[in-house]
Every structure is written in structure tokens, then in C-alpha cells.
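In what follows, a single structure is set out as C-alpha cells and then discussed.
Convention: sequence-line order gives letters A, B, ...; per-chain numbering from 1.
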Amino acid sequence: MNITLNGKVVELSNDTVSIADLLKKQNVASPDMVSVQHNNEIIAPDQFERVTLSDNDDLEFLYFMGGGEN
Amino acid sequence: MEGFSTRALHGASRGRDPHGSLRVPLYDSVSFEHEDSCSIQQAFEGRRPAHTYSRISNPTVDHLEQTIRLLSGGMAVLAVSSGMAAISNTILTLGGTGKNIVTTRFLFGNTLSLFQKTLLSWGLETRHVSMDNMGEIDRAIDSNTCCVFLESITNPQLEVADCRAISEITQQHAVPLVLDNTLMTPYLFNSRENGVDIEILSSTKYISGGGTTVGGIIIDNGSFDWNLSEKLRPHVLKYGPMTFIGRLRHEIYRNVGACLSPHNAAMQNLGLETLSLRIDKSCDSSLRVARFLDSHAKVRSVNYPGLTTSPSHLTAQKQFGTRFGGILTFDLADKEQCFHLMDSLHIVKRATNVNDNKSLIIHPWSTIFTEYSDEEKYDMGIRPTMLRLAVGIEDTDDLINDLNQGLEQL
């Protein structure tokens, strides 16, 4: 499955099902401090586990702290 | 969850340092290098979590922000150059021309000056109310109110506002509740659990570790729906729940330039490690010193929220438990006696600050509030007979002996 993350096409492995999985795969240190847009809709942090990804989805991660990448 | 002190020491650790350093290094660098042009573009767009320029973010400052976030339970934290910068950045984010702030008339002197003088000239009105009069607060709020602004303990009047009760009113009006929690810190008072939306700290005080450095903190507790804010609503689509902190980080704070120096952040990272120990000592000593002063024949009156005679004692007990902060005030016969006592002290220093490791004394009438008329000072609860004592962490008996020898000279 391919998605677009912050303007770049990313190929996801089969175990990346949800937004929470994607945040983990991207090594985001503080996932609750990232603003996530999924197909132009803001997703609240408490929905990261529930929202599942599909082929050709468009995601935007917006960071508020300068650092945080492992 | 681990205890406060353990979290202060270990909580915000982000893996092993390349050299095994147990302390977050002081990154005294203005700029940060990036792998390639795409990486730096994405960092500027906020689409990659990387530092670019220390006016916007810095690794040492970031560690302070993450530790405060962990200790407070807030959603997002921004460190700035001073407590006043924290207040001004917050108001610039929430307010604007034609808006108003509802607040107590017992504000810290510089905050009052910011509201009544600096911001007034930009068209922002300040409405003063009694914070123990819920009806008055309710009536003062209207559709142009950008926030209700409180201090957990006012300085130096030492009035304690009932945050939970006031938050019920702000929630009814869909107005954010902003609290300056400097004198209590998240160690003594959890603002998030008491209905506060935005918490402000002057980290210059307890957090700096002993009057080492100037700094400020803004905490978004994540409790306010920014769709309800006329000014911030247009930004919700981009930032979602992070709208307040997003607009701050990516616009107001960046453009105003009131960034915290990495050196100050390093000192405050160290200060946080001993915060609970110092606060415990300062509060315990404050209560003993207050009781001593209260029993002394030369002292006309003592004001400390820990004393049962304080009008705020019951509210303070409900909100803070058994610790009531490190500041007290007391009154002598006249200004001359106040000056005489100050000049006769050997351990307590004559200086303006609070929550230093050293005990400090000041005559607010002639110093902090000097820009106001006598009438205005009386209105603000400032008297020429009043001294403010900020109790440090010296041995309590030595503080009492120092005050006693000074009082005996009067």
C-alpha cells in the first residue's frame, strides 16, 4: 500500500494499519504533539489508533516542537 | 505514574546520549545543519521535527519544555524568555483590538501595567473584578472577552482564587481560563485538573533553581475547543487541537522573538531536578515564619494563606492541601519601621524576586508599585506599612532569629 506523507510517496508494510502505527514507523517521539491531517481532515490524538489507512491516502504530519525525532 | 521528583529527574529522557552524558548538553548554537535541501524545506514547513534556528526552537530548550509537559500533564509547552513574555505572548495569541480581558485588580504589578497601559494603547480593554464574586465575573464576560486571567496566589495580596468555580463560568461562556501559576508551580497545584485552559509560569522563580536565570513557560492543557475562539478558529483546520500552541510557535512567538536562551534553559533543566525539595522546604519555613511574625508584638498583622486568619485560607486548603507557597506579607507601624527592619537584617536580602533559594524582603509600596499613585496602590491592596518576605531554603531558626533581632530594634 502506498500513501502520501508530507508530500512524499511512502510504501507501507502490511503491519502499518493505523495512524498510530504510521507515527511509530516514522519514529515520532511524541505522537500526541503532532497535528495529523488525514485526507484533509484533522484527526484528534485519541483517534490515532482507530483511523485506518488505505491505499493512496494523503497524510500531513505537522510538528510543533523543534525536535522530537528519534 | 511515577512520582513528581522521579519524573523531574528521568521523565523526559530521549534515549542514550552519544557520549553517555547524564545531563542534556547545552546546545549553544544559533543554527542547525540539515541533510539536504528537502530536509530543510520540510523542517521550515513544520513537516519534519528538526531544529532550524534557536529563536524558534533549540534542543536544550526543548528538553525543558518536555520535562514541564511531563510534570504538568499539559498537552503542549512553549518556553519563552521571561514570565512577562509568557503573558504577553499568550495575550497576543488570544486577544486583539476590541477584545477584553476579565481579571482581578490584584494583579502582579508588571502584569497590571502590561494590561492597563501597554495593551490598552492597542485597543485591548481590561475589566477588573473581585475573583471571589462569581456573579461579577459572570457579568463582566461578553462576546468580546478573549480570556479570564487569574493568578493562583496574587502577589503580594496573597489572594487565592477558586479556579474550579471560576472555570465553570468560563466554560459556560466558552472563554479560555488563563492562570499564572508561578507561585505554586505544577508541583503544588495541577491547573489542568482544576479547569484551567492555559497555564503560565515565570520559570525565573522556583523553577530556575535559585534565582539563576530569567525565563517563562506557557502550557496548553488541551482542554479548550479553539473552534470557539473567534480569533483562532481560522487556524483550527491546520492545527487541530494544537491550534493555540501552533499559532504561537509558528507565528506569534517566532515573530515577537522572546525566545529562551539555551543557557537559561540548561540552568532551569537543573533547577527542575530539585524543585520539589526546595518548594517543600520553602513552604514549611514560610508557615513557621508566618506563625512567628503573627505572635510578635511589633508586627501589626501577617498575611499568609497557610494561616487560618487569612481570608483565602479555606480556598487555599481546598486547592493546595498542606502547602501554601513561599511568600508572606506583614505590616509594621509605618514605612519608617519597614525600612528600619529591612536595613537591620543580616541573612534576609533586600532584593526583588520571589522563590529564590535565599530569603528576600522588599517594601512593595516604594518599589514594585512605584509607578502607581497612592490611591491606586491602596486600591490594589498595597500599603506603606507592608513588607513582602519571600522565604528561601535557609535553616528556619536562622531566619526567625534574623527577623527577631531586627524587630527587637524597633
More than 12 heavy atoms of other groups within 6.0 Å of [X] [atom1]:
X	atom1	answer
B:Arg233	CZ	yes
B:Lys231	NZ	yes
B:Glu251	CD	yes
B:Phe32	CZ	yes
B:Glu230	CD	no

Give me the atom names and distance for the closest heavy-atom approach of [X] to [Y].
X	Y	result
B:Pro241	A:Pro45	CG-CD, 3.8 Å
A:Gly7	B:Arg47	N-NH2, 3.3 Å
B:Leu237	A:Asn40	CD1-O, 4.2 Å

Problem - Gap between atom CZ of B:Arg249 and atom OH of A:Tyr63 - 0.5 Å precision - result: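 The OH atom of A:Tyr63 sits 14.5 Å away from the CZ atom of B:Arg249.
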Practice task
Please look at B:Leu248 and chain A and tell me whether the side chain, the backbone, both or neither of the residue comes under 4.5 angstrom of a heavy atom of that chain.
Solution key: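 Neither part; nothing is under 4.5 Å.
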Practice task
Against chain A, label B:Val61 side chain, backbone, both or neither, depending on which of its atoms sit under 4.5 Å from a heavy atom there.
Solution key: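 Contact with chain A: none, neither part.
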Exercise for the section: Please look at A:Val34 and chain B and tell me whether the side chain, the backbone, both or neither of the residue comes under 4.5 angstrom of a heavy atom of that chain. Expected result: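 Backbone only.
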Completion exercise
The interface call for A:Glu41 against chain B, heavy-atom contacts under 4.5 Å, is neither
Practice task
Would you check if the side chain of B:Glu45 reaches a backbone N or O of A:Asn6 as a donor-acceptor pair within less than 3.5 Å?
Solution key: no
Fill in the blank from the handout: Per side chain to side chain contact (heavy atoms under 4.5 Å, CB included), A:Met33 is matched among B:Arg69, B:Glu65, B:Met75 by B:Arg69
Handout entry: Top contributor to chain A contacts, counting heavy-atom pairs under 4.5 Å, from B:Gly46, B:Cys38, B:Gly222, B:Gly240
Key =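 The residue among B:Gly46, B:Cys38, B:Gly222, B:Gly240 with the greatest pair count is B:Gly46.
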Practice task
Find the one option among B:Lys238, B:His250, B:Met242 whose heavy-atom pairs under 4.5 Å with chain A are most numerous.
Solution key: B:Met242
